[in-house]
Amino acid sequence: MAGWLFVISLVVALVAAYRPFGDYLYRAITSTRNLRGEKLIYRLVGVDANAEQTWGVYARSVLAFSAVSILFLYLFLRVQNKLWLALGVPQMNTHVSWNTAVSFVTNTNWQAYAGESALGHLVQMAGLAVQNFVSAGVGIAVAVAFIRGFASKGLGNFWVDLTRITLRVLLPICVVATLVFMVAGAVQNLSGGTDVTTLTGATQHITGGPVASQEAIKELGTNGGGFYNVNSAHPFENPTTWTNWLQIFLILLIPFSLPRVFGRMVGQNRQGYAIVAVMAVLAIASVALTIGFELHGGGTVPQAVGSAMEGKEVRFGIPDSATFAAATTLTSTGAVNSFHDSYTPFGGMMPIVNMMLGEVAPGGVGSGLYGLLILATITVFVAGLMVGRTPEYLGKKIGAREMKLASLYFLVTPALVLIGAAAAFATGNNSTALNTGPHGLSEVLYAFTSAANNNGSAFGGITVNTPWWDTALGLAMLLGRFLPLVLVLALAGSLARQKPNPESEGTLPTHQPLFVGMVVGVTVVLVALTFLPALALGPIAEGLS
Amino acid sequence: MTLLAEKPNPTAKSNPSAVRGGLLDPHQLWRSLPDAVRKLDPRTLWRNPVMFIVEVGAVFTTVLSITDPSTLSWTITVWLWLTVVFANLAEAVAEGRGKAQAATLRAAKQDTMARLRDGGLIPAAELKQGDIVVAEAGDIIPGDGDVIDGIASVDESAITGESAPVIRESGGDRSAVTGGTRVLSDRIVIRITQKPGESFVDRMIALVEGANRQKTPNEIALNILLAALTIIFLLSVVTLQPLAIFSKAWQAAAPDTQAINAHGVTGIVLVSLIVCLIPTTIGALLSAIGIAGMDRLVQRNVLAMSGRAVEAAGDVNTLLLDKTGTITLGNRQAAEFVPVNGVSERELADAAQLSSLADETPEGRSIVVLAKNEFGLREREPGLMSDATFVPFTAQTRMSGVDIGGRQIRKGAAAAVLKWARSGSDEVAEIVDRISASGGTPLVVAENDRVLGVIHLKDVVKEGMRARFDEMRRMGIRTVMITGDNPRTAKAIADEAGVDDFLAEATPEDKLAYIRKEQEGGRLVAMTGDGTNDAPALAQADVGVAMNTGTSAAKEAGNMVDLDSDPTKLIEIVEIGKQLLITRGALTTFSITNDIAKYFAIIPAMFAGVYPGLDTLNVMRLHSPGSAILSAVIFNALVIVALIPLALRGVRYTPAGASALLRRNLWIYGLGGVIAPFLGIKLIDLLVQFIPGI
């Protein structure tokens, strides 16, 4: 009962937020006025705020900004032990530093280290948290540029988009959310920790740190990198059931509201409703299945006790944990409040499938929207042929160039996941997995699915801080973020060049339930066809044994 | 004027699903087999990436079957080769139909000698642009050109298939002649306009043979999607191998099967899985669909100069249609007798009929017919009335009539007749104005100095046109009527016919401007035309259909030629363009959804030996791993053959809005694509399980 209430209240809250929050995002992004602080930043960076960028310039700006970010973060991590607030942590080695730098700049937040023992407060705040903001900003900026490809002639200006999204959207909400988390009991200090003697007489080190502030942007920006190793299962990060609710709400808030921005920018709100409907159908189905598998899952122990409680916090229980697991993998967050490795075989398959969908329901901030719009474009192509016209989406023709870019986009992540997993087995690096057999296979498959899709959550049960894993997953994260991103911007450029075609009775309507159903179908079928053989040897084999 | 114009109009048959296709003769499959085998050459096959992969796979399994022979491996190998052959067969059959047509055309072309005006005799193939040749009764016209002197009747059946002769004369819009046609009477002098080897017939041969067929934009885009899907499935199968080896090693106790051993999944099964998953169905049929689409146009006597034009036809937003001959019957017809001054309607009809007996114009004939139909007034043979003197129409008098005894009857333009009768009244003026306002033409009839009344001549909109335009509107296409009439008349006819817009008093410049304006707004425009002054507009339109009776300039400017010179055919052309795209989309959907069933056949077959639990996925309860994989491969090959007729004919197209079309095709080809292979694979499995060793 409480579980139902938890899920339904989340849905209601997100539905209620869709219009007002979406409109707020829309105004922040499309406003013609620059705030004083923003003007100062433009002057410092040397940007003309009114200059429109071509897709190439936009893409180069994104890549340059990200390259500098990775380099900066890498050096920061390498020297952090010599800096202020280091708390005596050791130097981070080269491969973990590379992995971590790539991970946070790509909005993945895969963590090949344990936060409380490997990082000082300064690098947490000035290194990781900063990237939590700007990597989220980059995702939204690219999505907005893509929408402009449909809606207008120019793609806008990356520096303006990034600045506005960070200052007008992410920062204010995070300030409020941080205060709320502090009220609820999340830690927020610069303490190096306290040693206490427990009731049994043992000594325990109780850590402190700027946790609540990290927590807000971790969820809102669909980042997922926890202050502590156990992430949102830690009571200092996620103290109560209602903070758990709030964390999921923050995860889903921006991704579910961006379709509103899409609808408004293309001048047809119903197009936004269609896209958000696709997201909602997939998300609700996924949450329901995950909860269902965990409540009624197979396995000796779960059936004996009535549910699969292993690896879950008792204060959250099954529905709240399963919902969190689904939300974190349906988006590119990767925060966890329970251990996916301990889920029932099919329950554990759901997070993998969520990520394999390309994280489009609703997906990471920005990346979810552009990922889904790519799938919608592919659907439009097939459906458009079936109505006897050259396919058009929002008046823009989907020709050879558009299909080339959309197809390449669609190829990138599956290729990274499949090649990565196959390489791990071919080279014997799967041996660091805790398990062997189908569950061991799932652990390896999960790791590459998470990295290539920039999710960052871990199935667990696998030792990944070896040079091979750090390098391979780092590459998967890097290519999985920036190849699609460049392809999306190229597609935006190609769409923006086109003169829009007027709509008629003969045009494929892209706002009706039939089209929504078709996008859902295409998404599920394409993913099923791509990954079914691999899944058959992992969770499916385990679940059916 | 040509005799072709009197052909019964094909669109008069009110058939809502206008697009029909040629049927497939089963013998054609057999006859095309040698061509299909020839197309196995990898140098030509690589242009079709999907089938090329299948061929590479077939070569690979052949090698495996030789080194490690088994019934299963050889059977699968044979069916993989058959898959490629079937795909080639689809293309060969589509091309074969064009080839037969090309052979007929070539026969007309051979061994023609051209007689130059200065008396020399040279082979037709050596004619250059600007040469002047003479053709007399019985001669084959040696090349494309314009008649510069004389008039002749010409048999154009060699290219149009229409046996009624047509008139060709110098000057005007009927001056173009086509090489390979035969002069039936008289003598004409022709200036050759073609370059050697680039005659209309040469181009026709190239087109129907598909010799220089280029992929159309949508076809290229679809090929990209298919290539991407192929890469995905290749990746997903190839990367499976390390996972399979790992799984088999973990379950080392599980016995080896035909599908999996310690070295992982066997090569035969891996190739089978790839071939079953990549979109072979649409990959095999794609080029046949394109060729057949052009062929369907040829069957309707329309020649498209490029596949691009056919696709554009499906995308058309605006149709420009000439009023005369397309929307209305060629001529005005008498619709009503309106008497004045207390004259009875019958008396007026009688006088009108008398005055029109010698009037052989269609308008005159229609007055006689109306009088007969309305009042049973029998036609009187002008020759039998010895005392009658007929007064012919002249441009000066603007009236015609008859003098019988003391009766002088005249009919004609209102002003002229009223002046002649030296009378008139407000009543007459009012009727004349009313008829003009309604888009009709008033003819005043007077006897001596008494005005009897007015004949209402009106343009008659062809039967069924209104329904046709409603249909167009549902398809999202605007129809625009082009006419030389004044705006008032044009509006009346436009309202009656149900077109969306009209362009009155249209000059060629107006047409061009209208097309440009539409294109500015992102719309695609189609039009028909025949005169030289239509050429700029035909060239500007996205789909320009030139009438074969028209001038060379018009034929040069358009991207399609209608050999029947039937302007209504534009509507059919649009439907064929749409049908072409729908067929591609539908078969793509079918091809992709087929994969679901194939997974349910192949995945348990591959891995149930390692993880027995996976046999739960064997929902079809197939006999054995070997039979399951073989059945999937056989189904995959047979479905190509089964769909060849559909690819050639095109899917059924009923004009409807986009939502209705999508819903219908999604149900048939999407859901059908999910269900059909479950049934097909199960049926095949019931048979192949009896093969020993499977």
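This structure is a prediction, so every number in the text was calculated from the model and none was measured. We name chains A, B, ... by the order of the sequence lines, and we start the count at 1 in each one.
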Trainee: For atom NZ of Lys248(B), decide whether the heavy atoms of other residues, nucleotides or ligands shown that lie under 6.0 angstrom number more than 12.
Mentor: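 Counting neighbours around NZ of Lys248(B), more than 12 heavy atoms of other residues, nucleotides or ligands fall under 6.0 Å, so yes.
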Trainee: Heavy-atom distance under 4.5 Å to chain A: side chain of Ile245(B), backbone, both or neither?
Mentor: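 Neither part.
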Trainee: Against chain B, label Ala406(A) side chain, backbone, both or neither, depending on which of its atoms sit under 4.5 Å from a heavy atom there.
Mentor: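 Contact with chain B is absent: no heavy atom of Ala406(A) under 4.5 Å.
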Trainee: Measuring from atom CG of Asn218(B) to atom OG1 of Thr390(A), what distance do you get when rounded to the nearest 0.5 angstrom?
Mentor: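 The distance works out to 4.0 Å.
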Trainee: So which heavy atom on Ser659(B) is nearest to which on Gln512(A), and how close?
Mentor: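 Answer, listing the atom of Ser659(B) first, then Gln512(A): OG-OE1, 3.0 Å.
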Trainee: Is Ile602(B) close to chain A through its backbone or its side chain, or both, or neither, when contacts mean heavy atoms under 4.5 Å?
Mentor: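 Contact with chain A: none, neither part.
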Trainee: How many angstroms lie between OG1 in Thr530(A) and CG in Leu235(B), if you round to the nearest 0.5 Å?
Mentor: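 Atom-to-atom, Thr530(A):OG1 and Leu235(B):CG are 9.5 Å apart.
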Trainee: With a 4.5 angstrom heavy-atom cut-off, is it the side chain or the backbone of Glu518(B) that approaches chain A, or both, or neither?
Mentor: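 Looking at Glu518(B), nothing touches chain A.
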Trainee: Mind ranking Ala541(A), Ala426(A), Ser504(A), Gly395(A) by heavy-atom pairs under 4.5 Å with chain B and telling me who comes out on top?
Mentor: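 The candidate making the most pairs under 4.5 Å is Ala541(A).
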Trainee: Nearest heavy-atom pair of Ile232(B) and Pro414(A): which atoms, and what distance?
Mentor: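 Answer, listing the atom of Ile232(B) first, then Pro414(A): CD1-CB, 3.8 Å.
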Trainee: Please rank Arg584(B), Arg523(B), Lys598(B), Gln251(B) by heavy-atom pairs under 4.5 Å with chain A and give me the top one.
Mentor: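 Most pairs with chain A among the choices: Arg523(B).
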Trainee: Between Arg473(B) and chain A, with a heavy-atom cut-off of 4.5 Å, which part of the residue counts as in contact: side chain, backbone, both or neither?
Mentor: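 Backbone only.
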Trainee: Which atoms form the tightest heavy-atom contact between Pro533(A) and Ser236(B), and what is the distance?
Mentor: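 That would be CG-OG, 4.1 Å.
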Trainee: Check this for me: Lys499(A), atom NZ, are more than 12 non-hydrogen atoms of other residues, nucleotides or ligands nearer than 6.0 Å?
Mentor: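 More than 12 within 6.0 Å, yes.
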Trainee: Could you check whether any side-chain heavy atom of Val525(A) comes within less than 4.5 Å of a side-chain heavy atom of Thr593(B), counting everything from C-beta outward?
Mentor: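 A side-chain contact is absent here, since even the closest heavy-atom pair is not under 4.5 Å.
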Trainee: Name the member of Pro500(A), Pro391(A), Gly437(A) that forms the most heavy-atom pairs with chain B at distances under 4.5 Å.
Mentor: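 Maximum pair count with chain B is reached by Gly437(A).
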Trainee: With chain A, which of Leu581(B), Thr616(B), Thr583(B), Leu273(B) has the greatest number of heavy-atom pairs at distances under 4.5 Å?
Mentor: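 Greatest number of close heavy-atom pairs with chain A: Leu581(B).
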Trainee: Under a 4.5 Å cutoff for heavy-atom pairs, which residue among Pro438(A), Ala383(A), Ala415(A) has the most contacts with chain B?
Mentor: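 Greatest number of close heavy-atom pairs with chain B: Pro438(A).
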Trainee: Which answer fits Leu526(A), side chain, backbone, both or neither, if we ask what part of it has an atom under 4.5 Å from a heavy atom of chain B?
Mentor: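 For Leu526(A), the side chain is the part near chain B, not the backbone.
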Trainee: If you count heavy-atom pairs under 4.5 Å with chain B, which of Ala423(A), Gly384(A), Pro509(A), Pro502(A) comes out on top?
Mentor: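 Winner by heavy-atom pair count: Pro502(A).
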Trainee: Is Leu408(A) close to chain B through its backbone or its side chain, or both, or neither, when contacts mean heavy atoms under 4.5 Å?
Mentor: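 Contact with chain B involves no heavy atom of Leu408(A) at all.
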Trainee: Hey, could you give me the CG/CG distance between Leu514(A) and Leu666(B), rounded to the nearest 0.5 Å?
Mentor: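 Leu514(A) CG to Leu666(B) CG: 6.0 Å, rounded to 0.5 Å.
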Trainee: Got a second to check how far Leu229(B)'s CG is from Phe410(A)'s CZ, nearest 0.5 Å?
Mentor: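 Leu229(B) CG to Phe410(A) CZ: 7.5 Å, rounded to 0.5 Å.
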Trainee: Looking at Leu222(B) and Phe381(A), what are the two nearest heavy atoms and their distance?
Mentor: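 Between these two residues, the closest heavy atoms are N-CZ, 3.4 Å.
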Trainee: Taking every non-hydrogen pair under 4.5 Å, which of Asp315(B), Asn665(B), Val238(B) racks up the most with chain A?
Mentor: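 If we count pairs closer than 4.5 Å to chain A, Asp315(B) comes out on top.
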Trainee: Using non-hydrogen atoms and a 4.5 Å limit, figure out which bit of Ser247(B) sits close to chain A: side chain, backbone, both or neither.
Mentor: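 When you check distances to chain A, only side chain atoms of Ser247(B) fall under 4.5 Å.
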Trainee: What residue, out of Gly521(B), Ala313(B), Ala249(B), has the most heavy-atom pairs lying under 4.5 Å from chain A?
Mentor: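 Top count of heavy-atom pairs under 4.5 Å with chain A: Gly521(B).
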Trainee: How long is the span from the CG atom in Leu225(B) to the CE atom in Met403(A), to the nearest 0.5 Å?
Mentor: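 Answer rounded to 0.5 Å: 4.0 Å.
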Trainee: What's the separation between atom CG in Leu537(A) and atom CE in Met606(B), rounded to the nearest 0.5 Å?
Mentor: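 Between atom CG of Leu537(A) and atom CE of Met606(B) there are 7.5 Å.
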Trainee: Go through Val651(B), Ile603(B), Ile220(B) and name the one with the most non-hydrogen pairs under 4.5 angstrom from chain A.
Mentor: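 Of the options given, most contacts go to Ile603(B).
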Trainee: Please report the shortest heavy-atom distance between Ile224(B) and Ser407(A), naming the atom on each side.
Mentor: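 It is CG2-OG, 4.0 Å.
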Trainee: For each of Leu277(B), Leu661(B), Ile582(B), tally heavy-atom pairs with chain A at distances under 4.5 Å, and name the one with the top tally.
Mentor: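 The candidate making the most pairs under 4.5 Å is Ile582(B).
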Trainee: More than 12 heavy atoms of other residues, nucleotides or ligands under 6.0 Å from CZ of Arg474(B): is that the case?
Mentor: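 Counting other residues, nucleotides and ligands, CZ of Arg474(B) exceeds 12 neighbours.
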Trainee: Begin from the C-alpha positions of Ile540(A) and Leu617(B) and carry the test side-chain contact (heavy atoms from CB on, under 4.5 Å) through to its verdict.
Mentor: CA-CA 10 Å; Ile540(A) 297 178; Leu617(B) 296 181; 4.3 Å; yes
Trainee: Got a donor-acceptor contact below 3.5 angstrom from the Tyr599(B) side chain to the Leu529(A) backbone?
Mentor: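 Answer holds: yes.
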Trainee: Could you look at Val382(A) and say if it's the side chain, the backbone, both or neither that has a heavy atom under 4.5 Å from chain B?
Mentor: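 The answer is both parts of Val382(A).
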